[in-house]
Amino acid sequence: MSLLTNDFFNQDATLVAPAILGAQIFHKTSSGQLKSGIIVETEAYMPQDPACHAAKGLTKRTAPMFEEGGMCYVYLIYGMYYCMNIVTGPKGSGQAVLIRALELPHNSITPFAASGPGKLCRYLEITKEHNGLRFCKENSLWLELSQTIDINLIKKSTRIGISQGKENLWRYYIKNNQYVSKTKRNAFVQ
DNA sequence: CACAAGATTCCG
DNA sequence: GGAATCTTGTGC
């Protein structure tokens, strides 16, 4: 088992996104409860990418994306759901990986409660308060890698819910994994 | 200050 | 297919 740290996140989002499939994300909540799940679906957002929040430059909202890789970037979408990202690349770069789905223990009461970017934040109890935190045990929010997913089991597709940058195959997920989020439309799959 | 859009989810 | 719901960025 290895703790994922800044060194690892200091690489491009297109490299980090597939590499953290199979990693376990942990959040120790303010009430002391330990929440966790295995990452099974991610998306990469790159600096020159029209779908990336940081592509239009530094704003108050996107400031965490321009920090050194390893920071948590949380934003509210549609006024209702939080989405959680891991900032990647060197300081000033402006890129991140969106966590889209977690696999929960098969015997859990609600096994699919983390299948979708909004749902997994609700499950892990991630809110705006976690925006700008670094992933590390001291901040009660961290990632551990204890398995590598076979390259043949990693599928790529177009990203979900975006209106620009549709040509990039920057969504990554574990093949045949039932916890991957359900998409309204069939994204193009490679 | 007004307004439109948004990396979603759930219901009918 | 469409509504819910509200923050953020932009433009006048």
May I have all residue pairs that pass ring pair (Phe, Tyr, Trp, His ring centres under 6.0 Å) and include part of residues 8-37 of chain A, sequence neighbours excluded?
Phe26(A)-Trp142(A), His27(A)-His130(A)

List in chain and number order the residues that pass side-chain contact (heavy atoms from CB on, under 4.5 Å) with Glu103(A), two or more places apart in sequence or in another chain; answer none if no residue qualifies.
Ile38(A), Val40(A), His106(A), Asn177(A), Tyr179(A)

Note on DNA chain C: ranges paired as stems (three or more Watson-Crick/G-U pairs in a row, both atom distances under 3.5 Å) are B:1-6 with C:6-11, B:8-11 with C:1-4

Distance check: side-chain N/O of Lys128(A) vs OP1/OP2 of dC6(C), anything under 4.0 Å?
no

To the nearest 0.5 Å, how far apart are CE in Met65(A) and CD in Gln95(A)?
8.0 Å

Rounded off to whole Å, could you give me the NZ-to-C1' distance for the Lys119(A) and dC11(B) pair?
14 Å

So Lys60(A), base contact, sugar-phosphate only, or nothing? Heavy-atom distance under 4.0 Å.
sugar-phosphate

Starting at CE of Met80(A) and ending at P of dC11(B), how long is that distance when rounded to a whole Å?
13 Å

Thr127(A) side chain reached by Val74(A) side chain, heavy atoms, under 4.5 Å
no

Is Lys119(A) close enough and on-axis enough to Phe112(A), meaning under 6.0 Å and within 45°, for cation-pi?
no

Contacts of Thr29(A) that satisfy side-chain hydrogen bond (donor to acceptor under 3.5 Å, both in side chains) - sequence neighbours left out
Ser31(A)

Distance from Gln147(A) atom CD to Met1(A) atom CE, nearest 0.5 Å?
13.0 Å

Report, one pair per line, the protein and nucleotides 5-7 of chain B atoms (nitrogen or oxygen only) whose separation is under 3.5 Å.
| residue | atom | partner | partner atom | Å |
| --- | --- | --- | --- | --- |
| dG6(B) | OP1 | Ser163(A) | OG | 3.1 |
| dA7(B) | OP1 | His53(A) | NE2 | 2.4 |
| dA7(B) | N9 | Tyr75(A) | OH | 3.2 |
| dA7(B) | N7 | Ala51(A) | O | 3.3 |
| dA7(B) | N7 | His53(A) | NE2 | 3.0 |
| dA7(B) | N1 | Asn85(A) | OD1 | 2.5 |
| dA7(B) | N3 | Tyr75(A) | OH | 3.0 |

What's the CD1-P distance between Ile99(A) and dT8(B), to the nearest Å?
14 Å

Can you tell me how far C1' of dT8(B) sits from CZ of Phe112(A), to the nearest Å?
19 Å

Sequence-distant partners of Asp150(A), side-chain contact (heavy atoms from CB on, under 4.5 Å), two or more places apart:
Asn152(A), Leu153(A)

